[in-house]
Asks: 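Dropping a structure here in structure tokens format, bear with me for questions.
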Amino acid sequence: MHYPSSLLLHPLNRRAANAAALSSSSHSYDEEETPRRRYRPILYYGQTCRYYNASSTISYSSSIHQTFSLPTIITTTKRQISTKNNNNNQSSQLSILSKEAATAPIDYPIDQRFWALPPAIAIHLSIGSVYVYSMWTPGMSKTLGVIAAAPSDWTHTQLLPIFSTAAIILGITTSAMGSWVETVGPRTAGMVGSAFWSAALLTTALGVETHSLPLVYLGYGVLGGVGWGLMYLTPVTSVMKWFPDRRGLATGIALSAFGAGAALAPSVIHALVDSFAVAPQYIGDCLLTSGVHGEAASASLQPLLVELTTLSDGSQVIASNSPVGEAGTPVVVATEADVAKSSGLVTTGPGVYAIGMGDTGIAKAMALLGSLYGVLGAVGSRFMQIPHPDWKPEQSTAIICKEEDDGSTIQEDESSKSVTTTGTTTVVQSNTNNNGLPASYVTTNTKQFPLLWFSVFGNATGGLALLSSSKLMLTDIFAGVAPEIVTPAFSTGYVSALGIGMALGRFGWSAISDVLGRQNTYAVFGLGIPIVGMAPYLCHSVVDVMSIGDVNGVVGGEVVWPYLVTFYGGSVLAITFYGGIFSVLPAYIADLFGQKHAGAIHGKALTAWASSAVAGPMGLAYLRSYSYDNAMQDLLHTVEAHDASALDRSFGVSISDEEAIQKLVDAKTLTIEKLIELAPAGTVDPTPFLYDTTCYLAAALMSVAALSNLAIRPLDLSKELKNLEAGKKMKV
């Protein structure tokens, strides 16, 4: 009986082939009728099985020594496939979070693979808010004082390392659990990550409410780092498997949602914090904030001012002889600069405020978001899906396994027309998701991995320094020279703009890398070096121009806007490079080392990001603190030269008593803002210059990253795989 080859091989005619085969149920064949050239089954998407040869004669394997009819073969094959499908269904029903349940059929339509993106986007929208940590730090640094930092409030030097802690745990999680994510599948990994992220925010909220710094580190730092790692890695590795032909575009789409989460979160956080914030009790004005100093503080004004007493630890309370307020009440003194930085608080203005009588709104906002993000991440995880291991975009319509006369096997893939000779063993069809070097081999036996590691580390350091303190940095640099422009709402918009830039960078640069190439795209990121390196010059220039403008009567905003726009735009452009680093990285890894173990290698590479997250935020915290101390010393000398008794009148200490002054500084009682109040008119506020050394160091590290990327050479993957296989055989 004869069947045209087009009938059997063309997928659109499968039903016709089945009908024709069933109509010949009375025909049987014995071994004498069997030709010498024998063929293995024709497989249509792994669902049907037929025996076929070039002469259109129905045949069977020589290992079968009995006479049977074609319908028997078809019926048996269908029964086997049905049993297998039932087993898979039962396994899926046992756990909807299992890897089996998340694995799509091998014949999953190619045009439907984009449905794998929405769940990944939901997960990244949830975890993307981790990058807006700077939205929390201003309020967390004033938990007790609310409007100004109280003596027991946390400093930025204490708070910034929390982000670094989360990054360290992220690196450990991705490195140690990358293989686990591949084993359990995306649904389980995503669900566990969502639970950790939600618990992280809830624990941090509890720490803020109870003013427990260890709880904050445990929450945002440890639990948040684990959740961050799992929720970052799971969607990336899953999406890449669906788009092995467009890895850059796929990861860009998924990771752009990560940036979108960072773009949307600031506005949400700002609104929630403002709605929950409660201003502390206003007691009255004091000598420092009254604008009247020295001999001008006449006796007629004294009854109107709050008298303060400085304690031995540097804190201040209402004096027993104060005409205003209850004696012994712990207080903070808020300057105009402090009031301008306060968001969502209806205050009376500069003056004395009671400690512990208000609420920043941070804890309540964080707890609410923790619950919402947990739900969003869980929903996305539930619907995550990965392709079958043998699925690929150019899915075969049929695979014909032919057995030659000499016993060798030839496999023909109709779609790719590839032929692989393998001796006596049938070769499994090659798939782009099934080739690659193991992570352990890559990290220890290739030169490309350490170079790629340094490329990520250097490029990411500057971006992380900015992201971890973006709101604080913008406020420090421009709020003093243009308070009417750089308001808390404006600063929130800046943080959102950085998130938008990161989202655009993750999508845009990854798509561009498919055309430009991964290494060339990383080379473009070197344009961030002059942006970061020239930032201090920009800051000094705006302060100098503002000083001239004040003298000539020029309106401040007219002077500041060009510099502010330049800083704003340069920051956003630099952050697009930062976003591109990580959206291009998975595809860069797959190109260099193969896709099969890309998830595990990606986890190892992210230790570079974790290291940069330590060097960036913690380095910024240290260098800012160092610059702050130097600025305080310079201002103290300026105040001493102008009015040696100013500190004694306002704080009850002599300017020559260094130990007492240091206690005032440690208690946040004496700050740059308060020294500016005591300094002569025209004294330059040094706050915009606190980040000079940080920018110079970041630019240097980015230069090292650019050189490391240029030193990477393509890896001969086939050769490395042969060497690896040869090494395994020698060990055996």
Asks: Would you say the side chain of L466 lies within less than 4.5 Å of the side chain of M473, judging by non-hydrogen atoms?
Replies: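 In contact.
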
Asks: Considering non-hydrogen atoms only, spot the tightest contact between S470 and S134 and give its length.
Replies: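 The answer is OG-OG, 3.0 Å.
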
Asks: Step by step, would you call L564 with L474 a side chain to side chain contact (heavy atoms under 4.5 Å, CB included)?
Replies: CA-CA 9 Å; L564 181 58; L474 183 74; 4.1 Å; yes

Asks: Please verify the inter-ring angle class for W391 with W242; under 30° counts as parallel, over 60° as perpendicular, anything in between as tilted.
Replies: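 Taking W242 first and then W391, their aromatic rings stand perpendicular (interplane angle over 60°).
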
Asks: Do you know the tightest heavy-atom contact between Q385 and A104?
Replies: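 That closest heavy-atom pairing would be NE2-CB, 3.7 Å.
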
Asks: Tell me whether the rings of F689 and H540 are parallel (<30°), tilted (30 to 60°) or perpendicular (>60°).
Replies: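 The rings of F689 and H540 lie parallel, inter-plane angle below 30°.
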
Asks: I'd like to know if the side chain of S126 reaches the main chain of Y373, judged simply by a donor and an acceptor atom lying under 3.5 Å from each other, with no hydrogens or angles considered.
Replies: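 Yes, because the side chain of S126 sits within donor-acceptor range (under 3.5 Å) of the backbone of Y373.
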
Asks: Y588 vs S455, test: side chain to side chain donor-acceptor pair (under 3.5 Å). Steps then yes/no.
Replies: CA-CA 12 Å; Y588 205 165; S455 297; over 6 Å; no

Asks: Indicate whether any N or O donor in one side chain lies under 3.5 Å from an N or O acceptor in the other, for W453 and S708.
Replies: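 Judged by distance alone, the side chains do not pair up.
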
Asks: Taking only residues two or more places apart in sequence, or in another chain, which ones meet L715 in a side-chain contact (heavy atoms from CB on, under 4.5 Å)?
Replies: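 Residues passing side-chain contact (heavy atoms from CB on, under 4.5 Å) with L715: L437, T446, Q448, F593, E720.
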
Asks: With a 4.5 Å cut-off on side-chain heavy atoms, are P387 and Y108 touching?
Replies: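 When only atoms from C-beta onward are counted, P387 and Y108 do not touch, as no gap falls below 4.5 Å.
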
Asks: Hey, do the aromatic rings of Y131 and Y578 have their centres closer than 6.0 Å?
Replies: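 Ring centres of Y578 and Y131 closer than 6.0 Å.
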
Asks: Centroid separation under 6.0 Å, is that true for the rings of W509 and F525?
Replies: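 Ring centres of W509 and F525 closer than 6.0 Å.
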
Asks: How long is the straight-line distance from CD1 of I575 back to CD1 of I581, given to the nearest 0.5 Å?
Replies: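 So the CD1 of I581 and the CD1 of I575 are separated by 9.0 Å.
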
Asks: Given 3.5 Å as the limit, does a donor-acceptor pair link the side chain of S238 with the main chain of P235, or not?
Replies: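 Such a contact is absent between S238 side chain and P235 backbone.
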
Asks: So do the side chains of V456 and Y522 get within less than 4.5 Å of each other, counting heavy atoms only?
Replies: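 Touching, per the 4.5 Å side-chain cut-off.
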
Asks: Other residues, nucleotides and ligands only: do more than 12 of their heavy atoms fall within 6.0 Å of OH on Y696?
Replies: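 Count over threshold, so yes.
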
Asks: For G594 and L717, which heavy atoms make the closest approach, and how far apart are they?
Replies: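 Shortest heavy-atom separation between G594 and L717 comes out as CA-CD2, 3.9 Å.
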
Asks: Please answer whether the main-chain N or O of V584 pairs with a side-chain N or O of S510 as donor and acceptor at a distance below 3.5 Å.
Replies: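 Not confirmed, S510 side chain does not pair with V584 backbone.
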
Asks: Can you name the nearest heavy-atom pair linking V532 to A699, along with the distance?
Replies: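 Closest approach of V532 to A699: CG1-N, 4.1 Å.
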
Asks: With rounding to the nearest 0.5 angstrom, report the NZ to NZ distance, K596 to K241.
Replies: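 The distance works out to 11.5 Å.
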
Asks: Judged by atom type as modelled, is there a donor-acceptor pair below 3.5 Å linking the side chain of T576 to the main-chain atoms of M502?
Replies: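 Absent.
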
Asks: Looking only at atom types and distance, does a side-chain atom of R187 sit under 3.5 Å from a main-chain N or O of R382, one as donor and one as acceptor?
Replies: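 Confirmed, R187 side chain pairs with R382 backbone.
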
Asks: Counting C-beta onward and ignoring hydrogens, is there a side-chain heavy-atom pair between T137 and S469 closer than 4.5 Å?
Replies: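 With C-beta onward as the side chain, the pair stays apart.
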
Asks: Could you give me the CA-CA distance, side-chain angles and deciding distance for V130 and F258, then say whether side chain to side chain contact (heavy atoms under 4.5 Å, CB included) is met?
Replies: CA-CA 9 Å; V130 72; F258 199 98; 4.1 Å; yes

Asks: Do the non-hydrogen side-chain atoms of L472 and D476 ever get within less than 4.5 Å of each other?
Replies: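 Touching, per the 4.5 Å side-chain cut-off.
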
Asks: Using modelled atom types only, decide if a donor and an acceptor are shared between the side chain of K604 and the backbone of S440 within a distance under 3.5 Å.
Replies: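 Side chain of K604 to backbone of S440: no pair is present.
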
Asks: Could you pull out the closest heavy-atom pair between T234 and A189, with the gap in Å?
Replies: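 Nearest pair, atom of T234 first, then A189: OG1-CB, 3.4 Å.
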
Asks: For A257 and I121, work out which heavy atoms get closest and say how close.
Replies: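 Result for this residue pair: CB-CG2, 3.5 Å.
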
Asks: So does F567 have more than 12 non-hydrogen atoms from other groups sitting under 6.0 Å from CZ?
Replies: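 Enclosed.
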
Asks: Mark yes or no for whether N459, through its side chain, and A706, through its backbone, hold a donor-acceptor pair below 3.5 Å.
Replies: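 Answer holds: no.
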
Asks: Could you check whether any side-chain N or O of S198 sits under 3.5 Å from a backbone N or O of S194, counting only pairs where one atom can act as donor and the other as acceptor?
Replies: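 The answer is no, because no donor-acceptor pair under 3.5 Å joins these two groups.
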
Asks: When the ring centroid of F243 is compared with that of F114, is the distance short of 6.0 Å?
Replies: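 Centroid distance F243-F114: below 6.0 Å, so yes.
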
Asks: Determine, using ring centers only, whether F163 and W228 are less than 6.0 Å apart.
Replies: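 Yes.
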
Asks: Mind checking whether Y232 and W197 have ring centres under 6.0 Å apart?
Replies: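 Aromatic pair excluded; centres sit 6.0 Å or further apart.
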
Asks: Could you go through the side chain to side chain contact (heavy atoms under 4.5 Å, CB included) check for F449 and T444 one step at a time?
Replies: CA-CA 8 Å; F449 183 81; T444 58; over 6 Å; no

Asks: Is a side-chain donor or acceptor of T204 paired with a backbone partner of Y220 at a separation under 3.5 angstrom?
Replies: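 A pair under 3.5 Å: yes.
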
Asks: Does the side chain of L369 come within less than 4.5 Å of S129's, by heavy atoms?
Replies: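 A side-chain contact under 4.5 Å is absent here.
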
Asks: I'd like to check the ring-ring contact (aromatic ring centres under 6.0 Å, His included) partners of Y691; sequence neighbours left out, ordered by chain and number.
Replies: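 For Y691 there are no ring-ring contact (aromatic ring centres under 6.0 Å, His included) partners, ignoring immediate neighbours.
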
Asks: Let me see the working for V273 and M135 under side chain to side chain contact (heavy atoms under 4.5 Å, CB included), right down to the final yes or no.
Replies: CA-CA 10 Å; V273 169; M135 289 296 299; over 6 Å; no

Asks: Using a 4.5 Å cut-off on heavy atoms from C-beta on, say whether the side chain of V486 contacts that of S491.
Replies: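 Yes, their side chains come closer than 4.5 Å.
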
Asks: Check whether any side-chain heavy atom of W180 sits under 4.5 Å from a side-chain heavy atom of V192, and report yes or no.
Replies: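 A side-chain contact under 4.5 Å exists here.
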
